[in-house]
Amino acid sequence: RRFPVIIAIVALVCAVLVTTQIVGVCPDVPAPVWWALMGFLAAVFGAGLGLPRWWLPFQLLAPTACALLITILPSWMALVFLAILLLLYGGGVVTRVPLYLSNRAACEALAELLKDHSKPQAIDLGAGFGGPMRHLGRAFSGGRFVSVEASPATWLIAWLLALPQRNVRVRWGDMWAAELADCDLVYVFLSPQPMPRVWVHFLAQAKSG
């Protein structure tokens with residue numbers, strides 16, 4: 001249940017295997033019909049395996065979308081797109097968090113929370129491109145700010161953007177391993193899925209206030 005993407009892949013593989021067997025019996029049916037059948041079976045298998053409802057439209061449409069892409073684009077392009085997606089969103093497979101970016105209003109609100117600290121320390125768990133901590137780094141030159149990101153390409157972009165700021169560090173790795181005890185502020189802008197675990201982690205480590 002913690003990794004629905006694995007269930008989705010298993011359901012898709014099962015749908016491909018079943019459809020392949022049917023194709024062997026009825027080879028003259030048009031390809032779009034097979035794509036639609038494959039999507040229908042993927043959605044059925046996914047539902048049977050306990051996949052959340054909002055995943056089912058993706059299961060239904062994925063085979064047709066992939067087939068169309070392969071038809072329109074060279075096959076090697078699919079591998080390129082897959083590699084880009086894994087580099088940008090690969091951490092989300094484990095954390096179940098897509099790439100969310102904080103806007104300027106959120107960054108300014110964080111700075112307001114730290115206005116009474118001359119040398120604040122803050123951390124952003126699941127930092128994306130690291131905008132909030134860079135904003136705080138500019139607002140509090142004497143502070144220390146850390147961004148933690150799990151997806152390789154996203155981390156690299158955040159690291160490069162933070163290079164000019166000596167008081168901002170960008171770490172690539174598991175946000176659950178982050179130390180919170182010395183932080184004046186812990187910022188987390190994620191999907192609802194990991195938040196109960198984030199709260200437990202926060203209560204176990206964060207200092208009072």
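Being a predicted model, the structure only gives us computed values, none of them experimental. Heavy atoms only: backbone and side chains are in, while hydrogens, waters and symmetry mates are out. Residue numbers count from 1 along this sequence.
- The same ILVMFWY cluster, assembled from side-chain heavy atoms under 4.5 Å apart, contains both L190 and L203.
- Considering every non-hydrogen atom in both Y187 and L110, the closest pair reads CD1-CD2, 3.6 Å.
- Counting heavy atoms from C-beta outward, L17 and V13 have side chains that approach closer than 4.5 Å.
- Between V198 and W176, the closest side-chain pair of non-hydrogen atoms falls below 4.5 Å.
- Here CG of L101 is found 9.0 Å from OG1 of T154. Values are rounded to the nearest 0.5 Å.
- Both L136 and F189 belong to a single network of hydrophobic side chains, linked directly or stepwise wherever heavy atoms of I, L, V, M, F, W or Y lie under 4.5 Å apart.
- In this structure, M195 is a member of the same hydrophobic cluster as L125, with clusters built from ILVMFWY side-chain heavy atoms closer than 4.5 Å.
- Across all non-hydrogen atoms, the minimal contact from C107 to P132 is SG-CA, 3.6 Å.
- Seen from the ring of W155, R171 does not count as a face-on cation partner, given the 6.0 Å and 45° thresholds.
- Looking only at distances, no side-chain donor or acceptor of Q121 sits under 3.5 Å from a matching main-chain atom of R144.
- Contact check on D184 versus K207 returns a salt bridge, with a Lys/Arg side-chain nitrogen under 4.0 Å from an Asp/Glu carboxylate oxygen.
- From H135, atom NE2 reaches atom CG of D124 across 13.0 Å, with rounding to the nearest 0.5 Å.
- Note that CD1 of I123 is 6.0 Å distant from CG of L180, once rounded to the nearest 0.5 Å.
- With hydrogens and angles disregarded, no donor-acceptor distance shorter than 3.5 Å links the side chain of H201 to the backbone of P196.
- Once rounded to the nearest 0.5 Å, the distance linking CG of L156 with OG of S151 reads 12.0 Å.
- Distance check, rounded to the nearest 0.5 Å: CD1 of I7 to CG of L49 gives 6.5 Å.
- Note on L61 and F40: separate hydrophobic clusters, where clusters join Ile, Leu, Val, Met, Phe, Trp and Tyr whose side-chain heavy atoms are under 4.5 Å apart, directly or indirectly.
- For A42 against L12, the heavy-atom pair with the smallest separation is CB-CD2, 3.5 Å.
- The two atoms that bring A127 and S147 nearest to each other are CB-CB, 3.4 Å, heavy atoms only.
- Judged purely by atom type and a 3.5 angstrom limit, E149 has no side-chain atom pairing as donor or acceptor with the backbone of W172.
- Taking a 6.0 Å sphere around CZ of R138, one finds it holds more than 12 heavy atoms contributed by other residues, nucleotides or ligands.
- Ring geometry, F140 versus F145: the interplanar angle falls from 30° to 60°, so the pair is classed tilted.
- Every residue was checked against the side-chain hydrogen bond (donor to acceptor under 3.5 Å, both in side chains) condition with N167, not counting sequence neighbours, and none meets it.
- For the pair L41 and A15, the tightest heavy-atom approach, listed with the atom from each and the gap, is CB-CB, 3.8 Å.
- The hydrophobic cluster containing F58 also contains I6, counting ILVMFWY residues as joined when their side-chain heavy atoms lie under 4.5 angstrom apart, directly or transitively.
- Side chain of Q59 to backbone of A8: a donor-acceptor contact under 3.5 angstrom is found.
- Judged by distance alone, the side chain of W34 and the main-chain N or O of V23 form no donor-acceptor pair under 3.5 Å.
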